[in-house]
There are 2 protein chains.
Amino acid sequence: MKMAELGRRSGIPVATIKFYLREGLLPAGEYRLPNQATYTDEHLRRLTMIRALLEVGGLSIAAAKRVLHAIDSDMPLAETFEVAQQAISETPDPSTLNPAALAIVDDITRGWHMFPENPGRLAAARAIDTFWSIGQEDTHGWFAQYAKAAMFAAEADIDELQARTGRDAQAETVIVGTLLGDALFAALHRAAQEHVTSLRFTTDHNHHEV
Amino acid sequence: MKMAELGRRSGIPVATIKFYLREGLLPAGEYRLPNQATYTDEHLRRLTMIRALLEVGGLSIAAAKRVLHAIDSDMPLAETFEVAQQAISETPDPSTLNPAALAIVDDITRGWHMFPENPGRLAAARAIDTFWSIGQEDTHGWFAQYAKAAMFAAEADIDELQARTGRDAQAETVIVGTLLGDALFAALHRAAQEHVTSLRFTTDHNHHEV
DNA sequence: GCTATCGGACAGTAAAAGTATCCATAAATA
DNA sequence: TATTTATGGATACTTTTACTGTCCGATAGC
């Protein structure tokens, strides 16, 4: 298919597709002549993925590009994981982190196998420091529960990953699981908050407390 | 204190503070004369909160404004919750959602008490639909685990909320818990992924598998 | 042969988040 | 008290990001 059809089928304006092409998000079509290219269903699929990364994952064009290149390359899965992680949010500079916050992170993740420079570890410390800076205290138990929740999700991720075969399918699952997984969690988290709130705070007389 | 000191103590450029003032994020100082205002530690605290919402929470100026106004107002907590939820990400239009995705959400949240228009429910359906659209399938178990993780976090949130007294402290905890909570989860999630990956995929011969 | 379409280059636009400059007062200080 | 410095407000400018539009010479298809 050619540009116009690619645009029509994906629902993305041709000018925008050309832009993604320029930015290196979408690989070029195959040229029969210097100015006539044909695009395949692979391109269509790629466009869907691009929109997912940008809209649901909230990535910038530059971050999406890094992530897509990580999928395309043949780097080992562990590295793909790292690219995905770094695309989500920049890793804070360890030297600017509050050591007390880092200590809490290390405490609630006791027994976890990870490198000290793990981006998640550092970002968690930054989040905790921010909690404190706006006056939330005595939050140790709260954070520990979050660590448990995170472990739950991570185990599900890896179960899912092991259900796939082939490096490419796995790499894609890594990216999608990391990026859309956070979005899904956030959404379910909000739903769960409403549920728990209604259980504990309801004044509705028709409502039976648990 | 005056502008210059507020800037120095907060580490935020004066021009930027004036901008926040204009945008209604930061309340005006108290005026002794038409062009001499004094600012208090409350303003300093507020600036910290603004930066937390913008940088760690990833909110836009407009969203941060809505959230801060929700804290300032005396609206009931349930409504404050809703403002916080809507600030994080816009609620998808239900009519554009894939009914099958909604059905999955309703299945994995079976027994949860929530309104059909809950923003989390709709956003979760959108995330799931996106998963599918890029070819991830057989993901029911994966999603169900995420629902469990979300419930864990939500329970911790409410425990923490109930530990606070006074509507203002609770409102702030609601906002902070919802926004920074997602950031904290995402960070811990990444840390947990490294842990679980190293457990299951390691080729390190010194490493004992579980 | 003629018109419609193609891909590429490049310029333009819109929104978001600041940043800089002016200026008429006030404050501080010499 | 005279003079320098600082203040708050208005307004204009800048930068980044993510597109969008216009033009053009080269095909495609009738």
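Chain A is the first sequence line, chain B the second, and so forth, proteins listed ahead of strands; every chain is numbered from 1. Note: hydrogens, waters and symmetry copies are ignored here, and every other heavy atom, side chains too, is used.
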Is it true that the side chains of A:Trp142 and B:Asp157 contain a donor and an acceptor less than 3.5 Å apart?
yes

Across all chains, not counting sequence neighbours, the side-chain hydrogen bond (donor to acceptor under 3.5 Å, both in side chains) partners of B:Arg167 are B:Thr80

Boundaries of the DNA chain D segment in contact with chain B, non-hydrogen, under 4.0 Å
D:dT7 to D:dT11

Looking at B:Arg126 and A:Glu55, is any side-chain nitrogen of the basic one under 4.0 Å from a carboxylate oxygen of the acidic one?
yes

A:Asp107: which residues meet the side-chain contact (heavy atoms from CB on, under 4.5 Å) condition with it, sequence neighbours left out?
A:Arg110, A:His140

Kindly state each residue pair satisfying salt bridge (charged side-chain N to carboxylate O under 4.0 Å, His left out) with at least one member in residues 168-178 of chain B, sequence neighbours excluded.
B:Arg45-B:Glu172

So the ring-ring contact (aromatic ring centres under 6.0 Å, His included) pairs with at least one residue in residues 33-56 of chain A (sequence neighbours excluded) are A:Tyr39-A:His43

Taking NZ from B:Lys2 and C1' from C:dT25, how many angstroms apart are they, rounded to a whole number?
13 Å

For DNA chain C, the residues among residues 32-52 of chain A that have a non-hydrogen atom under 4.0 Å from it:
A:Asn35, A:Gln36, A:Ala37, A:Tyr39

May I have all residue pairs that pass side-chain hydrogen bond (donor to acceptor under 3.5 Å, both in side chains) and include part of residues 14-24 of chain A, sequence neighbours excluded?
A:Tyr20-A:Arg51

Taking salt bridge (charged side-chain N to carboxylate O under 4.0 Å, His left out) as the definition, give me every residue that meets it alongside A:Glu160, ordered by chain and number, with sequence neighbours left out.
A:Arg164

Look at B:Asp72 together with B:Lys65 and state whether they make a salt bridge at an N to O cut-off of under 4.0 Å.
no

Tell me, do A:Arg121 and A:Asp106 make a side-chain contact under 4.5 Å, heavy atoms counted?
yes

pair B:Glu194-B:Arg190: side-chain heavy atoms closer than 4.5 Å:
no

Taking CG from A:Leu26 and C1' from C:dG8, how many angstroms apart are they, rounded to a whole number?
15 Å

Counting only non-hydrogen atoms, which of residues 3-17 of chain B are less than 4.0 Å from DNA chain C?
B:Pro13, B:Ala15, B:Thr16

In chain order, what residues pass the salt bridge (charged side-chain N to carboxylate O under 4.0 Å, His left out) check against A:Asp41, with sequence neighbours excluded?
A:Arg9

Please produce a list of atom pairs where a protein N or O lies less than 3.5 Å from an N or O of nucleotides 9-17 of chain C.
unit_1, atom_1, unit_2, atom_2, d
C:dA17, OP2, B:Ile61, N, 3.2

Residue pairs passing the salt bridge (charged side-chain N to carboxylate O under 4.0 Å, His left out) test where at least one lies in residues 92-102 of chain B, sequence neighbours excluded
none

